[in-house]
J.: 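Sharing a structure with you now.
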Amino acid sequence: MDRTDALRLEHVRRQQRRHQNSGELARLRREMDKTLRPPGVHPDRSLGITRRTFLHRSLLTGAVAGAAAYGWFPLLNTIELAYGAETFSFAWISDTHLYPKEVNTRFVEKAVRAVKEVQAMQPPADFLIFGGDLAQLGDPVELQLGNEILKELTITKYFIPGEHDWYLDMGATWEKLFGTSPWSFDHKGVRFIGLDTISHAPDYWSAKKMTPKERMAHMATLDSSVAGAWAAVGREQLTWLDRTLSDWPKDRPVVIFSHNPLYEYYPPWNFWVRDWREVHEVLRPFTNVTNIHGHVHQVLYNEIGTLRSIGMLATSWPWPYAPEGVPPLTIPMVRVDPGDPFDGVGWGKMTVRQGERVDYEYMMWRQDVLATAPWDAGTGDNINQILSPRLADRMWPYQ
Amino acid sequence: MRRQRRYWLGVLGGCLGLLLLAVPYGQAHKVKHTPAELKAFQEVFLEQVRLGDLLFHGDAETERQLGVRLSRTGMACAMCHPFASDTHPHEFPKFQEQMQEFATLREMINWCIENPNEGERIDPNSPAMKALEAYIYWSNRGSKLDPGRH
């Protein structure tokens, strides 16, 4: 082994130790907790990164074996909740990004497969959450296709919209097919809430006299600056959230579904909601809040104050990690093979135990899920990468 | 003595010859650039960046103008590479796992066009390829050059 190899190996070992050793994570957690926990509120044990979180790679082995035996594919996210004496599970599917069938069959195949697998869950899932971006360009043909695919599922379904579903007809088809947001319901000791984080974009189209298709095209381009900071909960919905939680005990579990993450990860790609601080103000009194979100198409985990956030995988394709802002608490997923349409998507499993903590596992239909070496990590392989925002979206023909 | 003189005459002649050859080129370089010229050079480059950006984001009109079809699936390059991230132009040439061969950035661009996008391979020296390359490099400018890195 030459000196370069030795140095590289040492670097890997350091990275592995860093991931395995909770010291640094615990320090970050303490810092965040110190800054954000209101005076008089006792530290919440659920804020800790659980041992299970660090062990989930080993748990994964069993889960993957099971998944393979039952023909599970990495197309859906299942979440198992246990509160009190009752155990139940529900499924999450999001970011199917369907085009019309004749344009793209791969996305259709993966959505169909996800639905079939949710339908086959044993024991059956209590319900399905669809987390937004059913369509790619908000076309009624795409939304109707998604509706037909999801009709195969006979369990109760709840929907929250994504930006791709909305900006062609400003949500008209979406609401006709899937109802309105926000909503909430209580299920076996857990309050579930669905938010609309996508319909509050500033009006970027009227002054420029954009057609609905042009408006949609800008919204459907993740790295376009034309639509601006469109992701938000909005004042009206914040008031609704505050009111909806007012009768709920502060220590009981709350699970909030949103398309976008409810914290600031990477605003240029709207990996946030612009009013996330206000959201956290509303949630601050509650000690057991889990936000499950789509949009990022990647393994993601964060804790801020008393809110833990879990990013779910897409069925369509994985986004790369943003050039900055990846939460230090996230253990990155492996780099995926762009030649394999089934790579980089997966399902997750969460368990709430007695309202004390959330254990979760990410599972993909592949040997390795989380990176253990920097060169195989979705973040670590970008150490030499410096990116610049685009120019063309601020020039003709866009502007 | 005579041989030595002939040698030095030869050297002198050679130098004069080189000087004569170099003059036209040397003069060109001795001309200082005006800000207007630098601006013009930059405009040429940025126009290619703009075209590449449009191609990279699936702009149908630019594809038509340049006579290429980069995708048949609705997928555009930017759908996996927002801000041209994860394109890693600073790491090429390198052994590219998907192709199982030593590859350039242009070859990798064509691989992506043909595989995830199911589009039509483009001429490696075509205007469309140069524009895509310009956009990818521009977006990644400042990245540390690290050829061969996986």
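Naming convention: chains lettered A, B, ... in sequence-line order (proteins, then strands); numbering from 1 in each chain. Computed from a predicted model, the values in this text were never measured in an experiment. Side-chain atoms are counted along with the backbone in the values below, which use heavy atoms only and exclude waters and symmetry mates.
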J.: Using side-chain heavy atoms (C-beta onward) and a distance below 4.5 Å, is B:F83 in contact with A:P268?
T.: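 Result yes, sub-4.5 Å side-chain heavy-atom pair found.
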J.: In sequence, state the C-alpha distance, the side-chain angles, and the governing distance for A:D223 and B:H57, and then conclude on side-chain hydrogen bond (donor to acceptor under 3.5 Å, both in side chains).
T.: CA-CA 9 Å; A:D223 60 358; B:H57 288 80; 2.8 Å; yes
J.: Does a side-chain N-to-carboxylate-O contact under 4.0 Å join B:E118 and A:R106?
T.: yes
J.: B:S139 side chain to A:S388 main-chain N or O, any donor-acceptor pair under 3.5 Å?
T.: no
J.: With heavy-atom distances below 4.5 Å as the criterion, would you say the side chains of B:P82 and A:W319 are in contact?
T.: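 B:P82 reaches A:W319 side chain to side chain.
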J.: Counting only heavy atoms closer than 4.5 Å, note whether B:H150 contacts chain A via side chain, backbone, both or neither.
T.: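 Both parts, backbone and side chain.
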J.: With a 4.5 angstrom heavy-atom cut-off, is it the side chain or the backbone of B:D86 that approaches chain A, or both, or neither?
T.: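 Both parts, backbone and side chain.
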J.: Identify which part of B:E97 has an atom lying under 4.5 Å from any heavy atom of chain A, answering side chain, backbone, both or neither.
T.: neither
J.: Examine whether an atom of A:Q136 lies under 4.5 Å from a heavy atom of chain B, and if so say whether it belongs to the side chain, the backbone or both; otherwise answer neither.
T.: side chain
J.: Any donor and acceptor pair, going by atom type alone, linking the side chain of B:Q98 with main-chain N or O of A:G339 inside 3.5 Å?
T.: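 No; judged by distance alone, with no hydrogens or angles, the pair does not exist.
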J.: Does any backbone or side-chain atom of A:L387 lie under 4.5 Å from a heavy atom of chain B? Answer side chain, backbone, both or neither.
T.: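 Both parts, heavy atoms under 4.5 Å.
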J.: Can you tell if the side chain of B:V49 reaches within under 4.5 Å of the side chain of A:R390, non-hydrogen atoms only?
T.: no
J.: Taking all atoms of both residues into account, what is the closest heavy-atom pair of A:W269 and B:S85, and its distance?
T.: CH2-OG, 4.0 Å
J.: Between B:A84 and chain A, with a heavy-atom cut-off of 4.5 Å, which part of the residue counts as in contact: side chain, backbone, both or neither?
T.: backbone
J.: If every non-hydrogen atom of B:L46 is compared with every non-hydrogen atom of A:L391, which pair is closest and at what distance?
T.: CD2-CD1, 3.9 Å
J.: Can you tell which part of A:Y321 gets under 4.5 Å to a heavy atom of chain B, answering side chain, backbone, both or neither?
T.: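 Answer is neither: A:Y321 stays 4.5 Å or more from chain B.
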J.: Is it the backbone or the side chain of B:Y135 that comes under 4.5 Å from a heavy atom of chain A, or both, or neither?
T.: side chain
J.: Taking the side chain as every heavy atom from C-beta outward, state whether B:H88 and A:N382 have any atom pair closer than 4.5 Å.
T.: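 Yes. Closest side-chain heavy atoms under 4.5 Å.
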J.: Atom CD of B:E91 and atom CG of A:N384: how far apart are they, to the nearest 0.5 Å?
T.: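 The CG atom of A:N384 is 7.0 Å from CD of B:E91, to the nearest 0.5 Å.
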J.: Given that the side chain runs from C-beta out, which part of B:R141 has a heavy atom under 4.5 Å from chain A: side chain, backbone, both or neither?
T.: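 B:R141 touches chain A through backbone and side-chain heavy atoms alike.
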J.: If you count the non-hydrogen atoms of other residues, nucleotides and ligands that lie under 6.0 Å from NZ in B:K94, is the total more than 12?
T.: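 Enclosed.
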J.: Heavy-atom pairs under 4.5 Å with chain B: which of A:G378, A:P320, A:A322 has the most?
T.: A:P320
J.: Flag the one option from B:L145, B:T62, B:T73 with the top tally of heavy-atom pairs under 4.5 Å to chain A.
T.: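 Most pairs with chain A among the choices: B:T73.
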J.: Could you tell me which of B:H90, B:H81, B:R72, B:M79 has the largest number of non-hydrogen atom pairs under 4.5 Å with chain A?
T.: B:M79
J.: Can you tell me how far the OH atom of A:Y99 sits from the CE atom of B:M75, to the nearest 0.5 Å?
T.: 7.5 Å
